[in-house]
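Read the structure below first, then the notes.
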Protein chains: 2
Amino acid sequence: MTSSKISTVTIADVEAAAGRLKGKAVRTPILTSPALDERVGGRILIKPEILQRTGSFKFRGAYNKISSLPEDAREKGVLAYSSGNHAQGVALAAKLLGIPATIIMPADAPAIKVANTKGYGAQVIHYDRFGESREVVAEKILSERGSYLVKPYDDPFVIAGQGTVGLEIAEQSAELGTPPDAVLACCGGGGLTAGVATAVTAKIPGAKMHLVEPAGFDDTARSLVSGRWEKNDPAARSICDALLSPEPGKITLPINQELVTSGIAVTDDEVRLAMAYAFKVLKLVVEPGGAVTLAALLAGKIDCRDRTLAIILSGGNVDWERTEEALRSAAV
Amino acid sequence: MTSSKISTVTIADVEAAAGRLKGKAVRTPILTSPALDERVGGRILIKPEILQRTGSFKFRGAYNKISSLPEDAREKGVLAYSSGNHAQGVALAAKLLGIPATIIMPADAPAIKVANTKGYGAQVIHYDRFGESREVVAEKILSERGSYLVKPYDDPFVIAGQGTVGLEIAEQSAELGTPPDAVLACCGGGGLTAGVATAVTAKIPGAKMHLVEPAGFDDTARSLVSGRWEKNDPAARSICDALLSPEPGKITLPINQELVTSGIAVTDDEVRLAMAYAFKVLKLVVEPGGAVTLAALLAGKIDCRDRTLAIILSGGNVDWERTEEALRSAAV
């Protein structure tokens with residue numbers, strides 16, 4: 001793989017997305033916690049996308065994409081495949097725009113994600129995450145109906161929409177007078193990371209971008225190091241249901257290759273500790289995939305000492321049993 | 001009871017408290033939730049004091065009081081009695097100011113509150129909430145040590161400190177361009193309500209102030225109606241451990257009599273629904289007493305239709321078993 005240096009997503013695309021999302025997406029605040037700062041020895045800016053509509057950042061990319069589709073989308077509808085957060089984002093964005101939505105979800109998706117997606121009026125079709133290719137299931141429906149596919153990450157409009165999280169971090173940290181030295185985003189297919197990296201590197205001078213993946217699903221981190229397209233072992237498992245992409249995206253990886261400093265992998269136990277810490281100390285409900293950046297901090301996997309770091313808590317759609325498991329197993 | 005109309009706490013006291021708290025307390029943001037707005041049919045401004053240091057607004061009043069004590073407090077120390085949130089607020093404020101703290105807590109206080117209070121370095125002494133008077137236990141220690149008593153609500157400095165929550169609501173809602181038509185605060189002894197009412201009535205033209213209490217502990221609401229000092233039935237019980245005061249405060253009630261429009265009472269089941277809604281939809285961890293304002297909204301006990309209401313989520317220090325109980329019993 002060679003980096004083109006001609007990025008498919010520019011800061012102008014992210015700014016245009018911000019214009020489309022104005023008044024539609026929640027401008028989530030920056031939260032601070034003296035207790036967390038004391039624990040890690042730095043100043044942490046928390047960007048809680050758990051407070052975004054549908055409970056994750058995915059609404060941003062979905063709305064930016066669907067609001068940019070041709071007029072005939074109202075008849076043909078949109079189709080998406082997703083473990084749950086993209087599903088909810090697409091379902092709500094389509095509903096707000098008056099466009100029918102069909103969502104292909106894995107059979108083992110968290111119940112709360114399935115229920116919410118149906119609650120936004122989308123038709124849900126299930127598939128076996130480890131036995132079928134969701135892309136193949138999607139292609140069949142697309143050819144039958146002519147619907148527009150809203151990909152979870154490998155689409156410039158989706159990436160630009162997710163990038164508005166980074167734009168807001170830049171704006172809000174400037175207002176607070178504390179621009180971050182580095183920004184941490186979770187990485188599944190790489191859409192959030194690519195969008196945020198585009199905004200952060202353009203708007204915060206000197207800021208570094210890091211991505212965090214579940215151990216066993218650190219395909220992007222390994223790809224950044226090797227310069228090749230690394231895939232994950234199909235036998236790998238993680239509690240981070242939102243981040244289980246088999247390999248980096250075709251559009252996202254070149255962007256991340258160009259803009260991201262390094263990748264960090266966190267174990268399920270480290271994620272459980274972060275979820276429990278979020279519940280007990282931060283008073284925030286964070287799903288496993290949404291807690292990986294906090295997990296990286298608490299596990300000491302990134303240097304916080306006397307630095308300002310911004311972390312994105314990307315989603316909060318978690319079944320209670322998963323939170324309980326974290327609270328039972330982790331000593332905060 | 002006659003209202004003096006010469007309030008013991010003025011807006012100048014609240015503004016002075018804001019000056020003392022600057023850089024010490026978290027300036028908690030205003031959160032919004034389109035899902036909540038849609039459900040109740042109005043615009044809701046959420047002031048999440050769950051994100052305050054120690055997990056509740058109580059840090060504000062405690063810090064304002066303790067930072068205003070004479071120099072010899074460093075030797076004599078401070079004493080407080082509290083079901084837990086005031087305890088944590090006093091313990092942390094005292095620690096930050098280098099003053100020893102002793103806290104008298106009920107034997108049945110939530111484990112998280114006891115553990116946190118000890119974690120801030122305070123000495124904890126337990127008493128039986130329904131068999132002993134915490135005031136009597138406190139008096140014994142005060143006469144022995146000469147410590148300064150930091151009352152949970154019946155103190156002008158404590159009330160003024162809590163009032164900074166209302167001052168921030170006024171400032172932040174003005175920045176957002178959406179001043180509330182009414183503000184809802186929980187009410188135990190009445191300190192938060194009195195302080196916030198002082199700020200809100202001074203700073204938000206036309207805004208009404210409402211207080212919310214647990215059913216069976218609606219002493220202040222009944223006192224506002226009867227004009228007498230109403231007490232609660234000693235046999236009453238509620239899951240809202242933070243709001244179980246036996247009667248209104250001597251300083252707080254006259255203020256609330258003058259400034260509060262009405263009181264609302266919510267049942268434990270309504271509180272459980274609010275806690276579950278906060279977890280599932282808002283992604284916030286709220287303790288029972290901290291959820292009563294949200295409970296009032298969700299139960300339809302205050303008119304939200306086409307109005308802007310600010311609600312304070314006053315605390316998030318909840319043992320997770322209590323959250324689980326709420327999630328199991330309530331259909332959100």
Is there a donor-acceptor contact under 3.5 Å linking the side chains of Lys280(B) and Asn317(A)? no
Pair count under 4.5 Å, heavy atoms only, with chain A: among Ile30(B), Ile50(B), Thr54(B), highest is Ile50(B)
Is there a side-chain contact between Thr323(A) and Trp320(B) in this structure, where contact means two heavy atoms from C-beta onward sitting under 4.5 Å apart? no
Only pairs of heavy atoms separated by less than 4.5 Å count here; which of Glu287(A), Arg328(A), Arg27(A), Gln52(A) has the most with chain B? Arg328(A)
Checking side-chain contact (heavy atoms from CB on, under 4.5 Å) against Leu284(B), which of Leu282(A), Val285(A), Leu284(A) comes through? Leu284(A)
So which heavy atom on Lys283(B) is nearest to which on Gly55(A), and how close? CE-CA, 4.1 Å
